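Residues take their numbers from the sequence shown, with the count starting at 1. On a predicted model such as this, the values are computed, not experimentally measured, just so you know.
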Amino acid sequence: MSKESREAKKNKTKIKPGRLARREAIAGLLFVTPWIIGALIFLVYTMGTSFYYSLNNIRITPLGKNFNFIGVGNYTQIMVADADFLPQLVEYITSTVLSVPIIVVFALIIAMLLNGKIKFKGFFRLIFFLPVIVVSGPVMGMLSAQGAASISTIDTQAISNAISEFLPGGMATAISELFSNMITILWYSGVQILIFLSALQKIDSSMYEAAQMDGGSGWECFWKITLPTIKPMILLNVVYSIVFISGNEQNSIITLIQNAMFSGTKEKGYGYASAMAWLYSLVVVLIVAIFAVLLMARKDIYERQVKKAKREMKKEARLVKKIERRGIRNAKKIEKARKKRKYSTYDGSGDY
């Protein structure tokens with residue numbers, strides 16, 4: 001075994017962590033343990049129980065729950081016989097796809113305004129975040145019932161009639177509801193504004209100064225500096241908006257699942273509602289995946305250039321190492337040949 005191979009093998013040997021590293025690992029595990037226990041009890045166990053319920057027809061009796069295993073019967077009944085679930089699911093998908101970009105764009109605009117040099121900045125931040133705390137649960141239902149969720153000066157009926165003439169029925173209904181619930185949608189943007197605001201505050205101001213010295217306008221700085229920097233936060237806000245809308249109490253599908261759960265009919269009940277919840281969850285996951293693919297697929301041109309430069313640097317480093325190894329081998333060959341020539345010309349008298 002050569003000297004280089006022995007050194008490489010020595011470098012590959014695993015170094016055991018010291019006492020401090022083991023102590024820190026144990027401390028980290030202790031901090032994470034409550035979350036792991038909570039996830040196992042309140043997430044994994046409940047999801048498994050819900051899926052088991054969806055495969056059964058459950059009847060509540062004085063003696064407890066009576067399970068009758070029917071396999072995928074609940075799913076088949078929902079897809080074939082339920083006249084309310086699929087139309088409301090399509091309406092939910094359309095409204096979510098339309099409302100999420102509006103919420104994210106509105107939150108980004110407000111965050112950029114609040115990040116500027118304005119007076120009473122903290123007061124304006126409080127105004128935009130206050131609806132997240134106040135307008136929730138029964139308060140949201142009362143405001144929606146009184147018409148506070150829509151803009152009173154806009155004739156939503158005229159907008160609905162105009163939209164229905166050019167678009168299909170399902171899409172026209174979703175867009176009309178978007179206008180009628182515009183205030184409610186904008187109320188959902190408080191958390192997204194804070195996330196964008198924290199991301200904007202972490203951007204180095206010297207980048208904008210350098211761009212302005214090179215003649216970059218505010219519009220170019222937004223597209224070349226601001227947007228690529230906060231791109232991960234855009235995906236985070238999109239996912240948060242989808243999850244928030246999907247689990248909101250004003251969602252008609254949530255109400256439909258609750259009504260099916262407490263229905264006294266023979267076909268519906270806990271199992272039927274669990275099957276509806278699982279189908280609804282799969283649709284929500286699919287929407288999140290589609291938005292994630294759309295936002296993650298297009299990489300910034302500067303990011304591609306940086307990765308290309310890193311690949312070139314790694315390629316040059318490998319080439320330099322290859323040349324160094326070749327030089328070491330050639331030097332060894334020359335040294336070996338010189339020694340061989342030296343011994344071959346030795347005549348034994350002490351002279352060469």
Side-chain angles (χ1 to χ4, degrees), residues 1-33 35-36 195-196 198-216 220-239 288-348 350-352:
M1 184 180 294
S2 62
K3 184 178 180 181
E4 293 180 358
S5 60
R6 286 196 301 269
E7 291 180 356
K9 186 176 181 181
K10 185 185 297 182
N11 293 331
K12 289 183 179 179
T13 56
K14 294 183 179 180
I15 300 175
K16 293 183 179 180
R19 183 179 299 177
L20 180 60
R22 290 197 300 269
R23 188 182 301 170
E24 290 179 350
I26 294 172
L29 184 61
L30 290 176
F31 277 108
V32 176
T33 299
W35 182 89
I36 295 175
I195 294 175
F196 277 136
S198 63
L200 291 172
Q201 291 175 351
K202 292 183 181 300
I203 300 177
D204 191 359
S205 59
S206 61
M207 299 173 64
Y208 293 105
E209 295 174 358
Q212 291 173 358
M213 291 177 62
D214 292 337
E220 291 174 339
C221 289
F222 171 76
W223 286 102
K224 304 296 184 181
I225 299 175
T226 306
L227 199 62
T229 306
I230 65 173
K231 190 176 180 181
M233 297 300 105
I234 295 176
L235 178 59
L236 176 62
N237 280 331
V238 166
V239 174
V288 171
I290 291 173
F291 273 101
V293 170
L294 292 176
L295 293 174
M296 295 175 63
R298 297 181 180 180
K299 295 182 179 180
D300 186 67
I301 182 172
Y302 298 105
E303 186 178 352
R304 291 198 297 267
Q305 291 177 357
V306 169
K307 289 186 177 180
K308 184 178 179 181
K310 288 182 179 180
R311 288 196 297 268
E312 293 293 334
M313 292 175 62
K314 289 181 179 179
K315 186 176 179 180
E316 292 178 0
R318 289 195 298 267
L319 182 61
V320 170
K321 289 182 180 179
K322 186 177 181 180
I323 293 173
E324 289 178 354
R325 290 195 296 267
R326 186 179 300 172
I328 293 173
R329 288 197 300 268
N330 292 336
K332 289 182 178 180
K333 288 181 180 178
I334 293 172
E335 184 68 21
K336 186 176 181 180
R338 190 172 60 183
K339 289 181 178 180
K340 185 177 181 181
R341 192 167 50 251
K342 177 180 178 181
Y343 288 116
S344 62
T345 56
Y346 180 66
D347 56 0
D351 298 326
Y352 292 91

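Partners of Ala211 by side chain to side chain contact (heavy atoms under 4.5 Å, CB included), not counting sequence neighbours, listed by chain and number: Cys221, Ile225. For Thr33, the side chain to side chain contact (heavy atoms under 4.5 Å, CB included) criterion is met by Leu29, Ile37, not counting sequence neighbours. Remark: Ile323 engages Leu319 in a side chain to side chain contact (heavy atoms under 4.5 Å, CB included) (not counting sequence neighbours). The side chain to side chain donor-acceptor pair (under 3.5 Å) check on Glu335 picks up Arg338, with sequence neighbours excluded. Residues satisfying the side chain to side chain donor-acceptor pair (under 3.5 Å) test with Asp204, not counting sequence neighbours, are Ser206. Take Arg22 and apply the side chain to side chain contact (heavy atoms under 4.5 Å, CB included) test, not counting sequence neighbours, and it matches Pro17, Arg19.
Across all non-hydrogen atoms, the minimal contact from Ala199 to Ile230 is CB-CG2, 3.8 Å. Of all heavy-atom pairs between Glu220 and Gly215, the closest is OE1-O, 4.0 Å.
Going from atom CG of Leu227 over to atom CD1 of Ile234 covers 4.5 Å, rounded to the nearest 0.5 Å. Here the CD atom belonging to Glu24 is positioned 11.0 Å from the CD1 atom belonging to Ile26, to the nearest 0.5 angstrom. In this structure, Asn237 CG and Ile195 CD1 are separated by 4.5 Å, a value rounded to the nearest 0.5 Å. Put simply, CG on Leu236 and CZ on Phe196 are 8.5 Å apart, with the number rounded to the nearest 0.5 Å.
For the side chain to side chain donor-acceptor pair (under 3.5 Å) condition, no pair includes a residue of residues 314-324, sequence neighbours left out.
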